[in-house]
Amino acid sequence: MSKAVLTNIRYKWTLAKTVFTCFFGVSLFFICSSIPSNFIGNFLHVDPSFTGGLVCADFMDSIGDDKGAGGNFELRYPLNKAFTEDSLDLVRYTVHEPVINARWQQSSEYWQLALEYKSGPADVRNIMIYIDADNIQGGSTEPLFDSAEKVCFDEEHPWDFALWICSNQAKLYDSNGDFICSTEYYNLNNGSQIKVRIPLRDKRIQKILGATKTWHYVLTGAYSQFDRGGFIPLEKKPAMAHGGMKNSKEFNNLVPPVYDIVGPNEALASWNSETFEKAKLTPVEASMTARKKSKSEEEKNKAFIAEVKKTYAENLGSQVQMQMPSSTNEGLALYKQKLSENPDDFVSMAYYGSFLAMKGGESSVVKAVALVNEAFTYLDKAVELSAGQEGEIDVLMNRGSVSASVPEQVFGKAEIGAEDFMRIVSLTTDTNLKAYCYVMAYECYKSCGKESQANLVLQEAKKMVELN
C-alpha cells in the first residue's frame, strides 16, 4: 500500500473520530446540567437598577478598523509601549434606558453608556461621545475642544451633551462647553470594557428623560494629557508622543487623530484640503425606550447555527465510511493502548480525554466531575504538545468540543473552548470548517457571558457561509 493511500486513510479516520466526538458523545453530556443553570438564572434575576438599565440600542463595530479612515489614510499607533495591539479598536457601544428610583446605588437616577474594545488597557484611550436629544433645541456642530479632533458634525444633529472619557474618569459638558458633572466610571475586563453612569441630578441632563430618540457620535483617539482635548496628534511617522500614517506621503494637517468611530470609518476621510473643510461625521440613532429582541431574529440565528452544524457534519460524513468505537469503554481502551505505546501521541491523548469526558456523562454527578477534571489534564497537555504540529486542529477540536459541552456553571471552560475554535479558524482555509468553528465559538462566548465576542464571531460565520 502506497504512502499516499496510508496518509489518506489516516486523514479520513481522524475526520471520522472528530465527527463522532463532536456530534454524538459529548453533546449528550450532563442531561441534568440545565437544572442548575435554570435555578441560578431564576434565583439571580436582577433588577435593572443593578445592571445599568435595559438596553435601548446596541451597536457592533467592525474588528480591526482602528486605523482611522483606512486606505491611503491608515493610521499607526504611537510607538509608546503602553499602546498594546487593538487597544483603540472599538467593537461595541451600548445605550441603556435611563434608570429612576434605583435601589442601593450611588445615584438613584442615572443613564448608563457602555463601550467595549478588543483589548485593554483603558488609560491609553481618549474617548469623546457627543449626544443629540430630540427634545432639546440648539446644540453645536463643532467639537468640545476646538480643532482637537479635526472633525465637525451633521447640521441635522448638533450635539447637546459631550461626554469626555480619559484618564480613568468621565466628565459631562453641555453644548456651550460648560461642565455639568462628573460621572460614575467603571473599568472592567482588564480595560477592554468601560461603563459610564451619568447621574441625572442636574436639570440640564434631566431633559434626557423626556427624549424619545438620541443620536450619538462616538470617537476614540489616543490619549495625551499634554495635547488639546486629550488627543495625541498625528505626524507623518509614529513616534513616542504622536501617531503616524502608513503612507507618510498622504499626511495632511486635516487628517483627524481619531482611530475608530461607531459607524463607517470612511467618514474620517471626508475632509477637503482645497476648501479646508474638516471631516463631517454622521451619528448613530438610538431609541430611548428599551428594545425587545426580535423573536424572528433569534429564530433565524438558531436556524443558521443548526444549518452550519448540519452542513459540517454532512460534509465530513460523506468523506468517511468507517466503523466507530461501539462504546465509550471501547474508545477508552483503544486510546489507552495507543498512549501506552507512545505517551507523547498528543492526538490519541486528546481523544482519550474526550472519551473520559463522555464517560462522565454516563456516571453519577460526583464521579462525572472527577472524570471531566481528569479529561482536561489530558486535553490541556495534548494542546500544549500539539502547538504548531500536524494534528493540532484535531486536538483543538477535541478540547473545544468538550469545553463547549460541559456545564459552564460547574467547570467554567467555555472561554477556553471559544479560543480553541478561533485558533482552528486561523489554521485552516476550509470555509465550512471556519463557519462551524465560528458558530461553536459563538455558543462558547454566549455561555461565558461575552456577548460582544459572540455577536462578532457570528457575523464572521455568516460571511464564511456567503463565500461558499
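Just so you know, residue 1 is the first one in the sequence shown, and it goes up from there.
- Taken to the nearest 0.5 Å, the CG atom of Leu115 stands 8.0 Å off from the OG1 atom of Thr94.
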Going by atom type alone, with no hydrogens or angles, which donor-acceptor pairs under 3.5 Å involve a side-chain atom of residues 259-266 and a protein atom two or more places apart or on another chain?
unit_1	atom_1	unit_2	atom_2	d
Tyr259	OH	Arg76	O	2.7
Asp260	OD1	Asn265	ND2	3.4
Asp260	OD2	Leu90	N	2.9
Asn265	ND2	Asp65	O	2.7
Asn265	ND2	Gly68	O	3.0

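- Residues Lys278 and Glu142 meet the side-chain proximity criterion, which asks for heavy atoms closer than 4.5 Å.
- The distance from the CG atom of Leu254 to the CG atom of Asn252 is 4.5 Å, given to the nearest 0.5 Å.
- Applying the salt bridge (charged side-chain N to carboxylate O under 4.0 Å, His left out) test to pairs two or more places apart or on separate chains, none has a residue in residues 402-413.
- Rounding to the nearest 0.5 Å gives a distance of 10.0 Å between CE of Met240 and CD1 of Ile232.
- No side-chain donor-acceptor contact under 3.5 Å links Tyr445 and Asn455.
- Residues meeting the ring-ring contact (aromatic ring centres under 6.0 Å, His included) test with Phe231, sequence neighbours left out: none.
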Applying side chain to side chain contact (heavy atoms under 4.5 Å, CB included) to Val402 and Val406, what does each step give before you reach the verdict? CA-CA 6 Å; Val402 175; Val406 297; 4.1 Å; yes

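- Using bins of under 30°, 30° to 60° and over 60° for the plane-to-plane angle, the ring pair Tyr217/Tyr130 lands in the perpendicular bin.
- Taking a cutoff of 4.0 Å between a charged side-chain nitrogen and a carboxylate oxygen, Glu109 and Arg201 do not qualify as a salt bridge.
- Contact check for Ile180 versus Asp178: no side-chain heavy atoms found under the 4.5 Å cut-off.
- Looking at heavy atoms from C-beta onward, Pro121 lies in side-chain contact with Ser87 at the 4.5 angstrom threshold.
- Take Arg423 and apply the side chain to side chain donor-acceptor pair (under 3.5 Å) test, not counting sequence neighbours, and it matches Glu392.
- Counting heavy atoms from C-beta outward, Leu113 and His96 have side chains that stay 4.5 Å or more apart.
- Under the salt bridge (Lys or Arg N to Asp or Glu O under 4.0 Å) criterion, Glu443 pairs with Lys309, not counting sequence neighbours.
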Step by step, work out the side chain to side chain contact (heavy atoms under 4.5 Å, CB included) result for Tyr312 and Leu433. CA-CA 7 Å; Tyr312 178 67; Leu433 178 56; 3.4 Å; yes

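- Residues Tyr185 and Arg197 have side chains not in contact (no heavy-atom distance under 4.5 Å, counting atoms from C-beta outward).
- Partners of Tyr117 by ring-ring contact (aromatic ring centres under 6.0 Å, His included), not counting sequence neighbours: none found.
- Partners of Ser182 by side chain to side chain contact (heavy atoms under 4.5 Å, CB included), not counting sequence neighbours, listed by chain and number: Lys171, Phe179.
- Annotation: side-chain hydrogen bond (donor to acceptor under 3.5 Å, both in side chains) contacts involving residues 378-388, sequence neighbours excluded, comprise Asp380-Arg399.
- Taking 4.5 Å as the limit, some side-chain heavy atom of Cys444 sits within range of a side-chain heavy atom of Phe421.
- The structure places NZ of Lys463 at 14.5 Å from OG1 of Thr431, a figure rounded to the nearest 0.5 Å.
- When all heavy atoms of Ala286 and Ala57 are compared, the closest pair comes out as CB-CB, 3.6 Å.
- Between Ser167 and Gln225 the shortest side-chain heavy-atom distance does not fall below 4.5 Å.
- Salt-bridge annotation for Lys280 and Glu155: present, with a side-chain N of the basic residue lying under 4.0 Å from a carboxylate O of the acidic one.
- For Asn190, the CG atom sits in a loose shell: 12 or fewer heavy atoms of surrounding residues, nucleotides or ligands are nearer than 6.0 Å.
- A salt bridge (charged side-chain N to carboxylate O under 4.0 Å, His left out) check over residues 229-244, counting only residues at least two apart or in different chains, returns nothing.
- Shown are Leu234, Asn126, Leu219; of these, the side-chain contact (heavy atoms from CB on, under 4.5 Å) with Val258 is made only by Leu219.
- Applying the side chain to side chain contact (heavy atoms under 4.5 Å, CB included) test to Asp134 and every residue at least two apart in sequence or in another chain returns Ala211, Thr212, Lys213, Trp215.
- Evaluation of the salt bridge (charged side-chain N to carboxylate O under 4.0 Å, His left out) test over residues 116-133, restricted to residues two or more places apart or in two chains, returns Asp86-Lys118.
- Taking SG from Cys181 and CZ from Arg204, the interatomic distance works out to 8.5 Å, rounded to the nearest 0.5 Å.
- Under the 4.5 Å side-chain criterion, counting only non-hydrogen atoms from C-beta, Val369 is in contact with Phe411.
- For Phe161, the ring-ring contact (aromatic ring centres under 6.0 Å, His included) criterion is met by no residue, not counting sequence neighbours.
- Donor-acceptor pairing under 3.5 Å is lacking for the side chains of Ser175 and Asp160.
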